[in-house]
2 protein chains.
Amino acid sequence: MRASKFPEERRQQIIYLLKQEGKVTAQNLSVRLNVSEDTIRRDLKDLELSGHLTRVHGGALPRSPSHSPYSARQTQNTNAKISIAKEVTKLINSDQVIFIDSGTTALEVARQLPFDLNITVITNSPPVLIALSEHPNINVILLGGVLNKKSMALTGNTTQNALSKIRADICILGVCSLHDELGVTTTDFEEAELKRVMIENSSEIIVPITADKLGTAAPFGITTIEDISHIVTESTAPEKILTPYQKAGISITKVKS
Amino acid sequence: MRASKFPEERRQQIIYLLKQEGKVTAQNLSVRLNVSEDTIRRDLKDLELSGHLTRVHGGALPRSPSHSPYSARQTQNTNAKISIAKEVTKLINSDQVIFIDSGTTALEVARQLPFDLNITVITNSPPVLIALSEHPNINVILLGGVLNKKSMALTGNTTQNALSKIRADICILGVCSLHDELGVTTTDFEEAELKRVMIENSSEIIVPITADKLGTAAPFGITTIEDISHIVTESTAPEKILTPYQKAGISITKVKS
DNA sequence: TATATTATTGCATAAACATGCATATAAAAA
DNA sequence: TTTTTATATGCATGTTTATGCAATAATATA
């Protein structure tokens, strides 16, 4: 193991090793990185704080996918999400081709699609596929790729490539955050890329979003709000926050939850 | 069973084993995880406190009857399939790349993959992906394509194309029928194509199959039995039916169900 | 009820941990 | 450059954690 001059470099190495080997021990890292166990422990503490791993007595483990945002998010705000999703389905007509993005709100849209709707859905989200697998009139196409267990989305080069060859009428975008100045942002770099391609290849962009995500921002930018066609949100969303979107010519629907 | 140093790791393993086997006993866990029963009991107490299981005298049971997110146990899997699947997993080693085909038996193999196995799984079956989404050590790659709702498999040009670019160590083939003269056959034309490519691109072909499918045939041929490396089936399978395969040099494992 | 199995509790020990402190090093200010 | 400041690191310390063992209590089963 090369001697790393900077602590940051060493921490990166720890993350790398953890990913490679599934677990790390303070003792082992101390030897391999040529620093005392104390330093390693301090590193691990920092890395835990910044969300890169979970500490355990003796070392550290990857952040468990079972405690991942996904399964936790699944049950949050369900009623609001269902109401929003139902409203979104009204914007979809038969014979259209629809992108459905990953994310719990977009998943709910898939679940609420009426039985008599005759459309083709293209998605990178296995949960969306499962939800639609019993729908009699919807043709489902899944983009291939590597599974991101945290978000339950397929990502990577393959996914993006497959996506770039398809054009859709409507894109149901799953977003982490929406901000009038910073636009659409998300927490995962790779997914940001993917969402950008989705947007580029769709005629209409619909953003279903719960009120609590309005006015917030995440690290990775996807696009400005100009690309958005519709926003569907809760009636509890303050008028003031929505004004910039209305001015940008976005059609906004509010549902009571 | 890999030596797992961290208590947290051990507890995750307990959860995993409980999910797989429906129940665990302190005694059994003590042996399998190489710690005293005292430690196991302490683990179980913690896990009960954190809501992962319910304790009973002698061991523990799952908390909610079926805490599987989706259609996990939709197929009533016979004991035979589970036994076969468990046997198949013994043929897989860490760091290998595995194709897992669609079909209920192959799906069961995915479900039975042990906690500590570190492999990459490539599949065209969304149910397999869902089954593996909570597995901490398996990297899952899904082939894209159009969903065939009957078989819950992705098929089509896209799938085949993606598949043709990948080589695997082992292919777990889901088969409808196996006949000593007609070879491997299936009921769906497109899937036959796909399976053929899978076989071509794998070093080893493992066929898990229940006894009732032996000696039967379906419309679309996939390959002759020469390509098969292993067959895992039930001990109830008559010796006579298996003779041709043995003569073809195929290694056969029988499990009691 | 009697007996065997399983649980709990307290205790001992070794490993891992947090903390304060001293020192060394790097970055910033003079 | 020199001085100052902040950061990073290792060591000594007392503390916490993980674990197995033994004694006792609770529970299942004959």
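Values below: all heavy atoms of this structure, side chains included; hydrogens, waters and symmetry mates excluded. In what follows, chains carry the letters A, B, and so on, assigned in the order in which the sequence lines appear, proteins first and then strands, with residues in each chain numbered from 1.
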What nitrogen or oxygen pairs link the protein and nucleotides 14-16 of chain C at under 3.5 Å?
unit_1	atom_1	unit_2	atom_2	d
C:dA16	O4'	A:His57	NE2	3.3
C:dA16	O3'	A:Gly58	N	3.0

Quiz prompt | Residues in salt bridge (charged side-chain N to carboxylate O under 4.0 Å, His left out) contact with A:Glu48, at least two apart in sequence or another chain | solution = none
Quiz item: Does any pair with a residue in residues 7-33 of chain B pass ring-ring contact (aromatic ring centres under 6.0 Å, His included), and if so which ones, sequence neighbours excluded?
Solution: B:Tyr16-B:Phe115, B:Tyr16-B:His135
Using a 3.5 Å cut-off and no angle test, enumerate the donor-acceptor pairs between side-chain atoms of residues 188-199 of chain A and protein atoms at least two apart in sequence or in another chain.
unit_1	atom_1	unit_2	atom_2	d
A:Asp188	OD1	A:Glu190	N	3.0
A:Asp188	OD1	A:Glu191	N	3.1
A:Glu191	OE1	A:Ser102	OG	3.4
A:Glu191	OE2	A:Ser151	OG	2.6
A:Glu193	OE2	A:Arg196	NH1	3.0
A:Lys195	NZ	A:Asp101	OD2	2.6
A:Lys195	NZ	A:Gly174	O	2.6
A:Arg196	NE	A:Ile222	O	3.2
A:Arg196	NH2	A:Gly221	O	2.8

Self-check item: Any residue meeting salt bridge (charged side-chain N to carboxylate O under 4.0 Å, His left out) with B:Asp169, in chain and number order, not counting sequence neighbours
Solution: none
Check the interface with nucleotides 19-22 of chain C: list each N/O to N/O pair with the protein under 3.5 Å, or write none.
none

Quiz item: Can you tell me how far P of C:dT5 sits from CG of B:Asn28, to the nearest Å?
Solution: 17 Å
Quiz item: So, are B:Glu9 and A:Lys23 salt-bridged, with charged N and O less than 4.0 Å apart?
Solution: yes
Quiz item: Between A:Thr39 and D:dT9, is there a side-chain N or O to OP1/OP2 distance below 4.0 Å?
Solution: no
Exercise. Output all residues satisfying salt bridge (charged side-chain N to carboxylate O under 4.0 Å, His left out) with B:Glu21, sequence neighbours left out; order by chain, then residue number.
Key: B:Arg32
Quiz prompt | Integer-rounded Å distance: C:dT6 C1' and B:Asp43 CG | solution = 16 Å
Self-check item: Residues which pass salt bridge (charged side-chain N to carboxylate O under 4.0 Å, His left out) with B:Lys45, listed by chain and number, not counting sequence neighbours
Solution: none
Practice problem: Look at A:Arg10 and D:dA8 and indicate whether a side-chain polar atom (N or O) is within less than 4.0 Å of OP1 or OP2. | Solution: no
Quiz item: Between C:dT8 atom C1' and B:Leu44 atom CG, what is the distance in whole Å?
Solution: 14 Å
Exercise. Sequence neighbours left out, what passes side-chain contact (heavy atoms from CB on, under 4.5 Å) with A:Ala237? Give chain and number order.
Key: A:Ala211, A:Leu214, A:Thr233, A:Leu242
Quiz item: Under the side chain to side chain donor-acceptor pair (under 3.5 Å) test, which residues partner B:Ser30, sequence neighbours left out?
Solution: none
Exercise. Not counting sequence neighbours, which residues clear side chain to side chain donor-acceptor pair (under 3.5 Å) with B:Ser251? List them please.
Key: B:His230
Exercise. Report the end-to-end axis angle of the helix from C:dT1-D:dA30 to C:dA30-D:dT1; each axis comes from five terminal pairs, and the value is rounded to 10°.
Key: 40°
